[in-house]
Amino acid sequence: MVNPMTDKRLRAALLAAPLVIFVAVTFLAPLALMLVRSVYEPAVADSLPATLNALAEWDGRDLPSEETFRIAGTEFVALNEVRALGSVATRVNRLQSGMRSTLLGTARRLGNDPPAGSWRDAMIDGDEDWAEVSTWLAIRRAGERITPRYYLNALDLDRGAAGEIVAQPEDRRIYVSLLWRTFLISATITAISLALAYPVAWLLAHARPARAGMLLLLVLVPFWTSLLVRTTSWIVLLQNQGVINDLLVVLGIIADEQRLSLIYNMTGTIIAMVHVLLPFMILPLYSIMRTIPPRHMQAAASLGASFWQSFRRVYWPQSLPGVAAGSLLVFIMSIGFYITPALVGGRTGQLISSMIAYHMEQSLNWGLAAALGAILLLLVVLLYLVYNRLVGVDRMRLG
Amino acid sequence: MRNISLLSSLLLAAFSATAAAQTLTLVSWGGSYGRSVERAWVEPFIEETGIEVQIEDYNGGLAQIRAQVESGNVFWDVVDMPTPDAVRGCDEGLLEFVPVEELPPAPDGTPAAEDYPPGSRSDCAGGGIASATIVAYNDELFPGAKPSTLEDYFDLDKFPGRRGMRRVPVVNLEFALIADGVPLDDVYRTLGTDEGIARAFAKLDTIKDQIVFWEAGAQPPQMLADQEVVMTTAYNGRVFNAQILENQPFTIIWDGQVQEASGLVIPLGTPRLDIARQFIEFASSAQSLAAISKYISYSPTRYSGNALVSTHEDTGIEMAPHMPAAEQNMRRALHSDWVWWADNRDEMNERFAVWLTR
């Protein structure tokens with residue numbers, strides 16, 4: 001005899017299973033993999049075990065011993081013969097530019113002409129970089145399996161000669177300021193969206209049903225239109241020789257040579273993203289406002305409150321969960337937005353996502369891309385916790 | 001009736017499977033250069049061998065090839081690639097070796113090994129086309145004095161207006177230093193120091209507000225034609241085609257040109273290695289390389305190919321004076337140092353990205 005409660009639970013578990021598996025495979029597993037990649041870098045350690053072993057006992061101040069030179073040189077040559085030195089060289093090159101050709105050139109020279117006497121002299125004769133302590137330090141550091149360097153890199157930090165944490169030189173700092181800019185642009189977009197969406201949601205919630213349906217359609221049609229189409233339409237409208245500038249010139253508001261730069265900068269990113277994200281603000285607001293009985297406002301009025309007073313003390317507090325839900329949604333979507341800033345952001349309107357994409361696709365520094373992604377993820381989680389503290393997730397309505 | 005249609009669709013599927021196995025995917029740069037590749041190499045190759053060729057476009061870089069090779073799913077068979085990338089890809093084991101002995105000899109029998117200029121070819125590349133990045137301007141926008149030197153590109157006082165620039169540090173850092181007065185022989189030595197890099201970016205800073213960036217080689221002629229910019233960096237062949245085929249009023253400033261070479265490479269592990277090698281062998285002959293010069297002003301790197309450069313296929317124009325290597329165009333010309341770029345590309349890209357966001 002099966003317990004009916006267990007049976008019910010089993011059925012519920014089975015019904016939810018496909019979704020749980022789907023989420024695990026397509027979301028949790030890649031997420032975990034990304035987090036692992038941001039700290040775990042085994043390629044160099046796996047390729048140069050003997051060299052790293054020899055360097056482990058080295059003091060890091062004077063040049064390594066003749067023995068270490070021999071072990072390293074032999075290992076470089078062996079790796080180069082199976083064409084595996086290149087990927088090692090690329091990784092060491094990230095810590096010190098120029099190491100790519102130092103490693104490959106040395107391996108080629110030593111392979112063609114193995115030194116009869118001292119490996120140390122032969123390697124330094126071939127490339128003076130081997131006489132620098134920093135060269136060996138770079139190899140040793142590239143060989144760390146578990147490394148904080150991608151996170152340091154993502155925060156514009158680096159490690160000094162003795163392993164202490166130092167700031168990157170000024171002309172190489174980029175990620176922190178880009179993160180700030182991402183936050184600033186996202187906050188601006190959220191504020192503008194809220195200001196535009198609140199009156200619209202009010203109209204939607206309190207208009208007669210037929211008219212409300214019409215209005216809702218006007219909100220939803222752009223929502224259903226392809227993101228790419230909407231973004232490229234903004235290019236047509238905003239560009240230098242575009243519709244808006246042409247109109248302003250024809251109307252005599254600006255002169256032909258004063259055309260406004262509305263696109264390929266931060267302004268373009270903000271305008272296009274507000275338009276794209278506006279429905280995500282309107283819909284939660286609308287769903288909350290619909291539940292606010294009109295009688296509350298009437299009651300406040302009958303008790304002598306002015307419209308402004310009753311709005312501020314009766315309506316606004318009741319609409320707050322919608323405001324919070326919409327703002328959170330728009331803000332979180334903004335900080336990870338990629339395609340719109342990429343198309344209309346030009347130089348000054350790029351968000352952190354552009355650098356993540358760059359490291360994923362161009363420089364192939366996936367560890368750094370993973371670290372940047374993890375930092376973004378952490379910020380979103382923090383934001384969520386703050387929100388939960390202030391508003392309470394159970395009060396949030398998303399439509 | 002149903003059985004027949006089933007049978008025919010099965011046959012069709014089987015047929016398209018064999019056809020797919022025989023289709024070579026060639027990846028090049030699109031636009032007017034892509035059309036030259038199609039007419040000079042692809043069409044004669046199909047005619048000679050009967051092998052289907054599908055052409056795809058890309059904008060350079062090793063990223064897609066690395067993704068294909070590392071995932072074991074290689075669908076690009078031959079890629080038209082600048083030498084620095086080919087050298088790097090070869091070192092990293094992403095590309096098949098292309099032994100020079102397998103490349104066809106010159107028409108007079110000279111082996112290919114002696115027919116390429118020393119150091120112009122990666123061990124993984126065949127083919128060999130030389131091109132240049134130059135500055136070009138739209139004549140109509142300069143009714144009075146015309147720009148004539150690389151310095152003029154950086155001179156907003158003398159020649160106001162927006163500038164087009166490729167969104168990469170390659171070539172632009174060289175341009176900046178040359179225009180800042182660094183002698184050609186010292187350009188890469190200067191870039192090797194922190195002060196030199198700072199100097200290059202400081203020079204770029206002077207025109208930063210006026211720069212419109214481009215990514216694909218087909219963009220700059222379009223930007224000039226739309227008058228979105230008054231001057232732009234561009235690949236010389238693209239500007240040539242706009243001048244000759246579309247009668248655009250563009251002028252090339254040869255002063256300070258930076259020359260680069262490119263070759264044909266094979267991503268490691270393509271299932272169509274045989275036909276990929278066959279294509280490279282076909283495209284690497286002196287005649288095939290010279291055929292490119294009939295459609296666009298890029299020249300063969302092989303000595304014997306260079307000797308065969310003749311006239312433009314459609315207009316009959318003598319091509320030699322339009323080549324980057326023509327004597328009157330070479331008064332101030334820099335050869336891109338591919339070893340330096342292979343070593344420093346990641347760091348320069350990063351610095352360039354920092355510069356862009358400021």
Side-chain angles (χ1 to χ4, degrees), chain A residues 79-80 82-91 93-105 107-108 153 156 168-175 177-178 181-182 239-241 257 261 264-266 345-352 354-355 357-366 368, chain B residues 59-67 69-70 87-97 123-124 160-162 165 167-168 191-192 194 197-198 201-202 208-209 211-213 215 226-229 268 337-358:
Chain A
L79 272 181
N80 200 35
V82 295
R83 301 185 77 192
L85 188 60
S87 64
V88 171
T90 304
R91 288 181 163 85
N93 200 59
R94 277 185 200 139
L95 297 182
Q96 190 165 321
S97 289
M99 284 300 291
R100 197 201 64 92
S101 63
T102 301
L103 278 169
L104 290 165
R108 221 171 282 143
N153 204 338
D156 292 337
Q168 289 266 24
E170 228 247 318
D171 58 350
R172 305 196 56 177
R173 284 180 218 160
I174 174 168
Y175 302 110
S177 59
L178 209 52
R181 184 202 285 170
T182 304
Q239 64 188 340
N240 216 26
Q241 310 289 328
E257 60 276 5
S261 301
Y264 305 126
N265 52 27
M266 201 190 284
R347 194 170 60 74
T348 56
Q350 294 299 329
L351 307 182
I352 192 82
S354 68
M355 285 316 287
Y358 167 75
H359 286 302
M360 286 302 292
E361 293 167 359
Q362 303 292 314
S363 77
L364 302 175
N365 193 345
W366 289 359
L368 182 52
Chain B
N59 283 329
L62 281 167
Q64 288 126 307
I65 291 178
R66 188 170 326 200
V69 172
E70 287 183 358
V87 167
R88 229 176 111 170
C90 203
D91 285 343
E92 291 188 21
L94 297 173
L95 306 175
E96 299 276 355
F97 283 118
D123 293 339
C124 290
R162 289 199 286 191
M165 180 185 279
R167 200 192 183 101
V168 290
L191 277 179
D194 273 339
I197 295 168
F201 280 111
K208 192 172 183 181
D209 296 340
I211 297 177
V212 179
F213 288 98
E215 279 172 34
D226 292 346
Q227 308 196 349
E228 183 80 6
V229 296
L268 192 76
D337 181 343
W338 47 262
V339 176
W340 193 87
W341 275 111
D343 273 351
N344 292 282
R345 175 158 300 183
D346 280 339
E347 185 185 337
M348 290 306 127
N349 278 341
E350 203 182 299
R351 286 181 189 242
F352 195 75
V354 173
W355 178 76
L356 280 177
T357 55
R358 277 168 197 238

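Naming convention: chains lettered A, B, ... in sequence-line order (proteins, then strands); numbering from 1 in each chain. Note that the structure is a prediction, hence the values are computed from the model and not measured.
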When rounded to the nearest 0.5 angstrom, what distance separates CZ in B:Arg345 from CG in A:Asn93?
12.0 Å

Of the options A:Ile174, A:Asp156, A:Leu178, which is the one that meets B:Val354 in a side-chain contact (heavy atoms from CB on, under 4.5 Å)?
A:Ile174

Is a salt bridge present between B:Glu347 and A:Arg172, judged by a nitrogen-to-oxygen distance below 4.0 Å?
yes

Show your working on side chain to side chain contact (heavy atoms under 4.5 Å, CB included) between A:Tyr264 and B:Val212 and close with a plain yes or no.
CA-CA 9 Å; A:Tyr264 305 126; B:Val212 179; over 6 Å; no

Looking at B:Arg167 and A:Gly346, what are the two nearest heavy atoms and their distance?
NH2-O, 3.4 Å

Polar side-chain atom of B:Asp343 near backbone of A:Ser101 as donor-acceptor pair, under 3.5 Å
yes

Check whether any side-chain N or O of A:Arg347 sits under 3.5 Å from a backbone N or O of B:Thr357 as a donor-acceptor pair, and report yes or no.
no

Contact class of A:Met355 relative to chain B, heavy atoms under 4.5 angstrom:
side chain

Okay, A:Gln96 and chain B: the region with an atom under 4.5 Å from a heavy atom over there is neither

Say whether, by atom type as modelled, one donor and one acceptor occur between the side chain of A:Arg83 and the main chain of B:Leu95 under 3.5 angstrom.
yes

So for B:Trp355, is it side chain, backbone, both, or neither that comes closer than 4.5 Å to the heavy atoms of chain A?
backbone

Just do the salt bridge (charged side-chain N to carboxylate O under 4.0 Å, His left out) check on B:Asp91 and A:Arg108 with the steps written out, would you?
CA-CA 11 Å; B:Asp91 285 343; A:Arg108 221 171 282 143; 3.4 Å; yes

The single option from A:Thr90, A:Leu85, A:Val88 that satisfies side-chain contact (heavy atoms from CB on, under 4.5 Å) with B:Glu92 is A:Thr90

Most heavy-atom pairs under 4.5 angstrom with chain A, which of B:Ala353, B:Ala342, B:Cys90, B:Gly61?
B:Ala342

Between A:Arg173 and chain B, which part of the residue has a heavy atom less than 4.5 Å away: side chain, backbone, both or neither?
both

Measuring from A:Tyr358:OH to B:Glu350:CD, what's the distance to the nearest 0.5 Å?
7.5 Å

